[in-house]
Each structure stands twice: as structure tokens, then as C-alpha cells.
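Residue numbers begin at 1 in each chain, while the letters A, B, ... track the order of the sequences.
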Amino acid sequence: MADATYQPGQHPDLPPPPSTTGVVGWVRNNLLSSPLNIFLTVVSGLLVYFVATSVYEWGFANADFSGASRQDCTSGGACWALINVRFGQFIYGFYPEAQRWRVNLAFVGLVVALWPLLFDNVPARKQLLWYAGAYPIIAFVLLLGGFGLESVETAKFGGFLLTMVIGVTGIAVSLPLGIVLALGRRSDMLFIRTICIGFIEFIRGVPLITLLFVASTLLSFFLPPGTTFNLLLRVLIMVTLFSSAYLAEVVRGGLQAIPVGQREAAESLGLGYWRTMYLIILPQALKISIPGIVNSFIGLFKDTTLVAIIGLLDPLGIGRAALADTKWQGLSSEVYVFVAVLFFIFSFGMSRYSLYLEKKLEVGHAS
Amino acid sequence: MKKVIGVLAAAASVTVLSVGATAGTLDDIRAKGFLQCGVSTGVPGFGFTDDAGNWQGFDPAVCQAVAAAVFGDSSKVKYTPTTGKTRFEALKSGEIDMLARNTTWTFSRDVDLGLTFVGVNYYDGQGFIGRKSLGISSAKELDGASICIQTGTTTELNLADYFRINGISYEPVPIETNEEARTNYVADRCDVYTTDASGLAATRSTFEDPDAHVIFPEIISKEPLGPLVRQGDDQWADVVRWTLNVMINAEEYGVSSANVDELRGGSDNPEINRMLGSEGNLNEMIGLDKDWAYNIIKQVGNYGEVFERFLGVNTPIGLERGLNALYTDGGLLYAPPMR
């Protein structure tokens, strides 16, 4: 290649040296930039390799996926046959097999109802929002029966169905309740403020498990004997109250971050309290609170496993009852890994959605 | 104000009415059409869900037997899984009609908690399991050993007592559940594991090499397990008590689900005839159908059959009858006569 001659300052830009760009450049800069980094890279690479291969060998290569009992698992790795045989129990609990389509339909219905709530570029959003408003009733009828559907007791609820019922109800009801509590705590009216502070501080000062024990044992002493106040309903109420107290504090954090000028500006425009809150304050406050709110939701979703302690069979409880079957005894790792994966899918989905929401509502305040 | 008083009065009368209604648990159960039975949330052999989602095991079998006695149908049971922390409150509050959940009969539970134990369906006791390679054959040689122990249970207290009495020391490794204990023991984080002997046998059955482990002969506590009901309804307690006694007596007299049809018409043994209703009127005394005992034995089986089905040597748990053999075979099972 002949050297072209250029006037000083006219030479076109050369590409950066290949060793600093692309994959090679990234590896050199990030993984191999100093002897210490080279050492750390090698060590963590080996660690990842060994963990990944042993997980792969245990979970897939040497695993058994079908069989009627533990004795059929002969390959030495994980025995997924248990999950395979009892998958229905893990998902639906003791819900009658012939009626499980109703649970599936309710779940599909939930996804459809969430769609217009979570995203705004949805076709026919207005109609779908009406549907979302009616969804709780639809789900109630589908799951419990009525209108020609065979009735199913809540005692039959179990597994992931129970987690979803508690989690979704808790989340859906505790958010509005939490917002109201947060507004009440900042209210100028002494009575309302006192009640809200008292409620929030009481609930936050008591562990969830204590509230669940109250729901499962104490409440039935207060009621006249013979009246059965559904255990699941009691648990739902307690979980919702618990979660709403925490959410109230998260939302209050958001409210306090809004400069007082916003409120003064709204008032000078002649807006009343509710319209100020609805149009000016809450949209900003909730936006700041998104990470905290979603954090609470994920926590609530995972806390639903605590109901196993009062004898409701969530996926962990189903797993424990399954492990007591001598056919399957000793397969605890498989059960816990499976339940962990189930929970991870949902919790991770929620956290991704919160990131999406933060980006969508980004107006440039955050750095 | 008048309204408030009215509401209070109404509430009070409802309370009084419903207190009146609970006087006869048996009638209540007949009226609602099923037995609400408290079981465990999972104890190998004693209570578990099968692949179809039904509760099975040595304890649910007692519930099924009571349902067979009351309704003539062992499937008329609804189960309430209870944990060690909720079981007694569930029974006392009336949420369940009886509790069959390997519960140890102790003085304070019987007297102080307002419960009535109707009998013993399994004589258990706390034991130890250890590796054969330790070269130990007795729990008394465990000086300085590390011991996996479930916290917050009577086993913890028994263990402390036992080692103090024998003047030897140990290092506790606290764990929460049986599964956790199993994992820790297998991973060699403790030398021995202690819990009820039935649980040890069940746990050992899941080891890769069960023969490498030995259950020491010492049983350091008395754990009589049995079904229980609320105090104050003797008729109902009798029904549950005699359901259990029928199962035990049936084994003693050689009545099983296989030959009960044959014996029902009458036999040479008046004891069997009285039990199965071809002689006498025992059923009227207890207020059940004439076929109550027949239904128990036909649909659920006698004690020995139930034991062999869920716990016996042919199951993975592989328990010997031991103390739970009939008194005629050197065990402790001894039911009062049917007369």
C-alpha cells in the first residue's frame, strides 16, 4: 500500500487499534487489565465452570424425568419424576382435577386484565380496563363456583394457586389502601392522622407470622363457635393489612420528596385537596416510589410461603406433604429447586416490569 | 343506643345457641355430612398426600375409621393440615372435630389444654441413629459427640436430661425440620441424629446405604401418640375411643378386612359377634349404626393391617411392631373388651 500524502491536519481518522475494540478489546480492558485481574478472571471462570457443569450434570444430564417412585430414579442425578407426577398438585393444590380448567382460565383472564393496566399502547384499552375492573368478580366465580359452576371450597386451594390468590389479592388491595394510609398520615386532621399512624406503626411493629397466627387461631375464639370464617379469607385480610402498612411508608417517602411549591401552585390554581393529590402530587410521588413499591410487592409475594406454618399448603407445603410419602422421601433438593425456580420467574418478571416503568416515566430528574 | 343493645343481644343469643349446638359433636357431624379431621402437614408413614392428592397414612386411617363408623363411608372426611403450632387451637376452636396427628399424650396437654386423648395408636420413643463406622453400639458411649437435634421440641429437653443423668457431654447441632436433619446428617455435619424412633427408621430408609447406619437400642423417652378430641363431649370421645379399640380388638380376635364379611353372619366367638353386631346391642349404647364396627374393619382394616400398610416391614419405613404389638405378642396394645 502506497503512502498517500496529506496536508498537515488533513489525515483521515484511523480506526482504533483492533486490540482495543470489539470482543477482544472488551476482554482485555475488563478481564485481563492487570495481573490481579487475570488471576481473578481465571479463578471465577473456573468457579463458574465447575458450578455450571455440576448443576447441569445433576439437573439434566444425570437426571430422571419420569417414573412412579424414587426407586425408578436410577441415573444418580436429580429425580424430577416427583415434580412430574405431582405437577398438578404443585400448581393447583387439591383443586378437583376435572375443574382445573377454571383455574387456567382465571390465570389467562388475569394476564388479559393486567395487560391494559401495565401497558398503555394496547388496542381497545378502554374496554379492557372495564374488564379489568370486573375481573375480581370473574375470578371469584371461576375459582369458587356459582352461576352453574360446581362450587369448590377454599380448603382445596393449594400450591401455586394459593400463592397467586394471596399474592395478587394482597398486591391489588394493598396499593390503594397503602396510598390512602400514606395520605392520611400526612393529613392535617388530627383524628385521621392518629388512626393512620397507629395502624401503620402497629402493623409494622408485629411480624407477619404473628398476624398469621392471630388469623389462624385467635380469631376463631372471638367468633361464636360453629361459625366458620374462612381461613383463607382471614389470611388474605392479614396479608393485605400487613402489606398496606409497608406500602404506606413507601408512598409517604415519595410524597415527602415532592417540593411544597407543587402543592402551593396547585392550590393557587384553585384545585381542591383531592384534585391536587390526584393530578399533581400523587403522579409524581408514585413515580419516585416505583422501586420501593415493587420491592414491597416482591417481598409480599415471597412472604406468602409463610402460610405453610399455619397449615395452608402453598408450594412448599405441598412439597413437604409429598416428601412424607415414602415413595418420594428424601428428594427435598428437587422440591426446593423447583419451587425456587417458580418464584424466581414471577419475582424477576416483576422487577423487570418496574425497570420498564421507570424508563417509560423517565423525565430527566434521575441521573 | 337501642339498636346497639339489640345487636348485642342478638349476638349473645347466637353465641348461646351455638354453644348449645356444640353439645353433641356427633350430631353436628351427622348434620354436616362429613368429619373434619386435623392431620399433620407431612410425617413419613403417618400422614402424607399420595400422587392423586389424597391424605393417606397411619393417622388419616384413624379419621377414615371414625368416618366409617359414623357414616358407613370412610371417604366422608375432610382434612385440615395442621402444624405443631396450630393443632391444639384448631381443635379447641371447633375448626376440626378430632386431631389425628402423631401427638404425644402428656399430662399438661390432657389436663391443662382442655383436650381429651382417647387412646394410644403408636408407642414411640426418642432414639439415636449413627454411622456404623463410629464403632459405637450404645448411646451411652456418645461422650463428646455432635448431635443433630430439632430445636423447640421435647426431644431437645429429653436429650439434655439423658446426657445429664449419664454424666456425659455432647455438642448440639440445632436444626429446624426433619428434612434438614437428614441432609445435615448425611453430609456428616453431626455424628448422630436424634428424634422419635419411628422418624429415625423412616429417615434411614431414604439413605443410599441404610445398612451403614445403626439405630442405637436406647430409647430415652416415652412418646405415646394418639388421637384426641375436645374435652367436654364424652359421647364423641367414646366414638373415637371405641373406633380405635375396635381396630385393636379386631386384630386380637383375628378379624380382618378379608374375613369380616364371613364373620359378620355370626361366629363361635361371642366377643366377635358382639363387636360385629350379630349379638347384643353395643351399637345402640354408643349411638351408631349396627354395622359400625363392620364398616371400620371392612373399609379401613384392623390395627395390624393399617400398621403393615403404612409403617410395617414391607414398606420403605420398615418398622417392627415392637411395643406396638398386641399384648398377646409381647407388646403394649391392650384394648378393653367389647361387652
- Looking at CD of Glu89(B) and CD1 of Ile310(A), how far apart are the two atoms once the value is rounded to the nearest 0.5 Å?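 The CD atom of Glu89(B) sits 12.0 Å away from the CD1 atom of Ile310(A).
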
- Query: Is the count of non-hydrogen atoms from other residues, nucleotides or ligands lying under 6.0 Å from Phe65(A) atom CZ greater than 12?
  - Reply: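 It does: Phe65(A) CZ has more than 12 such atoms within range.
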
- Crowded around Lys302(A) NZ? As in, over 12 foreign heavy atoms under 6.0 Å?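 No, not enclosed.
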
Considering non-hydrogen atoms only, spot the tightest contact between [X] and [Y] and give its length.
| X | Y | answer |
| --- | --- | --- |
| Gly47(B) | Ala324(A) | O-CB, 3.6 Å |
| Thr326(A) | Pro316(B) | CB-CG, 3.7 Å |
| Ser332(A) | Thr183(B) | OG-OG1, 4.4 Å |

- Under 3.5 Å, side chain of Thr83(B) to main-chain N/O of Ile309(A), donor-acceptor pair present?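 Indeed, once roles are kept as given, a pair shorter than 3.5 Å links the two residues.
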
Using a cut-off of under 4.5 Å on heavy-atom pairs, state which of [options] scores highest against chain A.
| options | answer |
| --- | --- |
| Ile317(B), Thr315(B), Val43(B), Asp50(B) | Asp50(B) |
| Thr203(B), Thr86(B), Thr49(B) | Thr49(B) |
| Trp55(B), Phe48(B), Tyr79(B), Phe310(B) | Phe48(B) |

- Item | Contact residues of residues 76-97 of chain A (partner chain B; heavy-atom separation under 4.5 angstrom) |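 When heavy atoms of chain B are the reference, residues 76-97 of chain A contributes Val85(A), Arg86(A), Gln89(A), Phe94(A) within the under-4.5 Å range.
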
- Task: Tell me, out of Arg320(A), Gln71(A), Lys327(A), who's got the most heavy-atom pairs with chain B below 4.5 Å.
- Result: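 Winner by heavy-atom pair count: Arg320(A).
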
- Query: Considering only heavy atoms, which portion of Leu313(A) lies under 4.5 Å from any heavy atom of chain B: side chain, backbone, both, or neither?
  - Reply: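 For Leu313(A), the side chain is the part near chain B, not the backbone.
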
